[in-house]
Amino acid sequence: MTDELIEASSLSGSAAMLSWVQDATGIGVFQVSSDGAMQATPALFRLFGLEPSQGATAADFEALILPEDRDKASSAASRGDGSARLDVEYRIRRADNGEVRRIARVGEVQRGVCGEVVGFAGVVRDVTEERAAAEALVLSEDRYRALFNAVDDGFCIIEFIDGPHGPLSDYIHVEANPGYARHTGIANVVGKTLRDIAGEQAEEWLHTYGEVLRTGRTVRFERCFEAVGRHIEVSATRVEPPSKRQVSVLFRDIGERRALEAERVRSAEALGALNETLEQRVQERTAELMKAEEALRQSQKMEAIGQLTGGIAHDFNNLLAGISGSLELIGNRIAQGRFSDVERFSTAAQHAAKRAAALTHRLLAFSRRQTLDPSPTNTNALVRGMEDLIRRTVGPAINVEVVAGGGLWPTFVDPHQLENALLNLCINARDAMPAGGRLTIETANRWFDPRAAALLDLEPGQYVALCVTDTGPGMSPSVAERAFEPFFTTKPTGQGTGLGLSMVYGFARQSGGQVLIYSEPGEGAMVCIYLPRSEASAEPIEEPVAATLPMATADKGETIMVVDDEPSVRMLASEVLHELGFNSIEAADGPSALKILRSDARIDLLVTDVGLPGGMNGRQLADAAREHRPELSVLFITGYAENAVVGNGQLEAGMHIMTKPFELAGLADKIRSLTARDES
C-alpha cells in the first residue's frame with residue numbers, strides 16, 4: 001500500500017471516529033457560508049428535532065430559536081467587530097415534539113485572505129439538564145444557607161487539626177450560624193481554634209468531641225455558658241465520612257424549652273378545663289337538637305302514618321262493608337229458607353275479599369315485604385303469554401304494540417309478581433288514554449357502568465329492561481316525582497287506590513332492580529322496570545289453569561300436619577285436606593308441633609305459618625323437623641316473607657311458599673302437586 005493510500009485510509013478512519021464521537025456525545029457541528037449555504041452533521045439535526053434526510057437551511061434552524069433569544073443568537077453570529085470566538089446560549093423549541101431546550105453554541109467567524117468574513121462555523125450541544133442541575137444546586141445551597149442562618153439554635157462545624165501538642169490536638173471552627181453567638185456568647189468564631197477560645201477547658205472539650213469523631217456515637221451533655229447566663233444542651237455528631245475529621249455541634253437553650261414546656265402544661269390544663277365545660281355545653285346542645293329532630297321525625301312519621309292509614313281505612317272499610325253485608329244477607333236468606341240469592345251474595349263477598357288481598361299485596365310490595373318466589377324468567381315469553389289479556393284489558397280503542405328485544409337475557413324474578421307489575425303499568429297507560437291511543441311494550445338488554453348505575457341507584461352490571469309507553473298527556477315533573485308515593489293518584493275519587501305504581505316500585509326494588517318514569521307534559525309517558533340479569537336459563541312460563549277445588553286423590557293414608565295459630569285457617573286447611581282424602585294433624589304453635597314431628601307418626605307434608613307463638617317461628621320449626629325427617633317437604637303459608645324464613649332470598653330444596661290470603665282451590669292444587677312429587 002502506498003503512502004498516499006495509507007494516509008487517505010487514516011483520514012477516513014479519523015473522520016468516522018469523529019462522527020461517532022459527535023453522535024455519542026450529542027454534539028452537532030455546522031458551517032454557514034456568507035451566502036447562507038449550510039453544512040451540518042446529523043447530530044445537529046437531531047438536537048433541533050429535524051430529520052437529517054430532509055435537509056434544512058440556516059433559516060430553518062434559526063426559526064426554531066425562541067423569539068426572545070433570536071436577536072441574541074443572530075447578533076453573535078453576524079458581529080463584525082473582529083472577535084474570534086462568538087459563544088452564546090439560547091433556547092429553542094424542538095420541531096418534532098415542541099419541547100423547549102437550552103442550547104450552548106461555540107463558534108468562530110471565518111475570514112478570507114483579505115480579512116473579509118466568509119463564513120461562520122461552530123459546535124452546538126444541549127445543556128438543558130446541565131443548567132437545570134446547576135440552578136438546582138445553587139437553589140439548594142441558598143436554601144441550606146437560609147435555613148442554616150434562620151435556625152434559632154446555635155450550630156457550628158468543627159474540624160480537627162494537628163496542633164503543637166500532637167496529631168488531632170486542636171480543632172478549628174469551619175462554620176457557625178448567628179445562633180451560635182447568641183447561645184455561647186462567642187462572636188466571630190469561624191476560623192478560630194479551640195485553644196483560641198476555650199483556654200483551660202480546651203482539654204475537656206477536645207476529649208469529648210474526639211470521642212465523637214472516633215466512635216461515631218452522638219453525645220449530649222449540658223453546660224452553663226456564663227457569658228450569656230444560659231443553661232445549654234450540647235449535642236455533637238460526627239460528619240460523615242470520618243476522613244473529613246469534622247463534628248457538627250448543636251447548642252440548644254434548655255431554659256427556654258423548659259419555660260415553654262411549663263407554659264404548654266399550663267395551657268393544656270386550661271384547655272382541658274375549657275374542654276370539659278365545652279363538652280358539657282356541646283352535649284347539652286346536641287341533646288336539644290336530637291330532641292327537636294326526634295320530635296320532627298315523629299311528626300313526619302305520624303303524618304305519613306296518618307296518610308297511609310287514612311287511605312287503607314277508606315279502602316278496607318269499603319271492602320269490609322261489602323264482605324260483612326254479603327255474609328249478613330246470606331245468613332238472613334238461609335234463615336228465611338231463600339237460597340236463590342245466596343250465590344250472588346257469596347260471589348260479592350269473595351270478590352271483595354280478593355280485592356282486600358290485592359290491596360294487602362300492594363302494601364307489602366310498596367314496603368318490600370311481600371313474599372317473592374323468584375326464578376330465572378324469560379321476559380319476552382312472559383309478555384307474549386300476557387299479550388291477549390292486555391289487549392282485552394285495555395280495549396279496542398288502544399293499539400297495543402310489542403317490541404321484543406333480540407337475544408334478551410333471563411332475569412331472576414318472581415314471574416307472577418312481574419305479570420302483576422306489567423298489568424298495572426298497562427292499566428295506568430289505558431287510563432291515561434281514555435280517547436284511545438297507542439300502548440307499546442318493549443324489552444331490551446341494558447348494561448350500566450358505575451357512573452350510570454349510581455345515577456339510577458343500582459349496582460353496576462347487566463339488566464333487563466321492561467318498558468311500557470303510552471301516548472297520553474304525560475306528566476309534569478311534580479307529578480312524576482310523587483307518582484310512586486302510596487295513595488297518590490291523579491284519577492278521580494273511586495277510580496284508583498294510588499297503590500299501583502308504588503307496588504311496582506316496591507317489587508322492583510325488592511327484586512334488586514329499579515323503576516323509572518320518563519315523561520313530559522304533552523309527550524306521553526314511559527315507565528321502565530330494570531331487573532338484574534340471571535346467569536341461569538329461564539324456566540318455561542306455566543299456563544294458568546282454572547281454580548277449582550279438585551276431587552279427592554289421596555288413597556294411601558297420607559298425613560299432612562297443619563301448624564297455624566289462627567283456628568279458622570287450621571279449620572279451612574283441614575277441610576281442604578279432608579276433601580282431598582288426606583289425614584290431617586293440627587297444631588297451634590311450634591313447640592307442640594315439634595313434639596309430634598319428632599315422634600314416629602306418619603307425616604308426608606308440613607304446612608306451617610311463618611309467624612308462630614311459643615318462641616319458635618315456622619322456619620325454625622321446619623329446620624328442627626328436618627333434623628329428624630331430612631326428606632320432609634315444607635309449605636310455608638305467610639302474609640310476608642321474613643328474612644328468618646327465606647334467608648338470602650331463596651328457599652332450600654323441598655321448601656315452598658304460599659301467600660295469605662289464598663284461594664282454597666289454589667291451596668288444594670299446591671298440596672296435591674307436592675304430595676304427587678314426593679310419590680314420584
Side-chain angles (χ1 to χ4, degrees), residues 1-140:
M1 183 179 294
T2 64
D3 293 341
E4 290 81 359
L5 290 176
I6 294 175
E7 183 178 358
S9 175
S10 176
L11 289 174
S12 175
S14 298
M17 178 62 71
L18 178 60
S19 176
W20 180 85
V21 170
Q22 291 171 355
D23 288 342
T25 58
I27 296 176
V29 181
F30 70 92
Q31 182 179 25
V32 181
S33 62
S34 58
D35 58 1
M38 179 177 179
Q39 294 181 337
T41 62
L44 182 68
F45 282 84
R46 285 191 287 272
L47 284 176
F48 280 74
L50 296 170
E51 273 293 332
S53 60
Q54 296 179 354
T57 65
D60 294 330
F61 284 93
E62 291 176 2
L64 298 176
I65 301 174
L66 296 187
E68 53 267 35
D69 291 357
R70 201 167 291 163
D71 291 342
K72 177 172 60 176
S74 60
S75 63
S78 61
R79 193 165 66 228
D81 57 1
S83 301
R85 298 184 60 82
L86 300 175
D87 303 343
V88 67
E89 285 191 15
Y90 52 83
R91 292 165 299 163
I92 67 166
R93 189 177 301 278
R94 288 176 57 97
D96 53 356
N97 56 21
E99 183 181 1
V100 175
R101 308 293 294 179
R102 184 177 291 276
I103 299 297
R105 186 184 71 195
V106 178
E108 290 187 355
V109 174
Q110 297 176 326
R111 300 184 182 275
V113 295
C114 297
E116 74 279 9
V117 176
V118 297
F120 180 69
V123 297
V124 173
R125 64 189 181 93
D126 189 324
V127 294
T128 304
E129 284 76 15
E130 180 181 333
R131 295 296 182 264
E135 291 171 359
L137 179 60
V138 171
L139 180 61
S140 176

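Heavy-atom basis, side chains included; hydrogens, waters and symmetry copies ignored. We count residues from 1, following the sequence as given.
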- prompt: Among all residues two or more places apart in sequence or in another chain, which pass the ring pair (Phe, Tyr, Trp, His ring centres under 6.0 Å) test with F45?
  reply: F61
message: Going by salt bridge (charged side-chain N to carboxylate O under 4.0 Å, His left out), name the residues that satisfy it together with E130, two or more places apart in sequence or in a different chain.
response: R125
message: Which residues pass the side chain to side chain contact (heavy atoms under 4.5 Å, CB included) test with L64, not counting sequence neighbours?
response: F48, L50, A95
message: So, using salt bridge (charged side-chain N to carboxylate O under 4.0 Å, His left out) as the criterion, who are the partners of R94 when residues are at least two apart?
response: D96
message: Nearest 0.5 Å, please: how far is CE in M38 from CZ in F30?
response: 6.5 Å
message: Going by the rule salt bridge (charged side-chain N to carboxylate O under 4.0 Å, His left out), which residues pair with D69 if we only count those two or more places apart in sequence or in a different chain?
response: R91
- prompt: Counting N and O atoms only, with roles assigned by atom type, does the side chain of R101 sit under 3.5 Å from a partner on the main chain of I92, one being a donor and the other an acceptor?
  reply: no
field: Check: T128 side chain, R102 main-chain N or O, donor-acceptor pair, under 3.5 Å
entry: yes
statement: By side-chain hydrogen bond (donor to acceptor under 3.5 Å, both in side chains), E135 pairs with (sequence neighbours left out) none
statement: For I103 and V127 the tightest heavy-atom approach is C-CG2, 4.2 Å
- line: Those residues at least two apart in sequence (or on a different chain) that pass side-chain hydrogen bond (donor to acceptor under 3.5 Å, both in side chains) with R131 are E89
query: Closest approach of V124 and L47, non-hydrogen atoms and distance?
result: O-CD1, 3.5 Å
message: Once side chain to side chain contact (heavy atoms under 4.5 Å, CB included) is applied, do any residues pair with A132, and if so which ones, sequence neighbours excluded?
response: none
Results of side chain to side chain contact (heavy atoms under 4.5 Å, CB included) for A133 - residues two or more places apart only: none
- line: side-chain hydrogen bond (donor to acceptor under 3.5 Å, both in side chains) filter on Q31, not counting sequence neighbours, yields Q110
- prompt: In chain order, what residues pass the side chain to side chain contact (heavy atoms under 4.5 Å, CB included) check against E116, with sequence neighbours excluded?
  reply: C114, V118
query: Got a sec, which residues hit side-chain hydrogen bond (donor to acceptor under 3.5 Å, both in side chains) with E51, two or more places apart in sequence or on another chain?
result: none
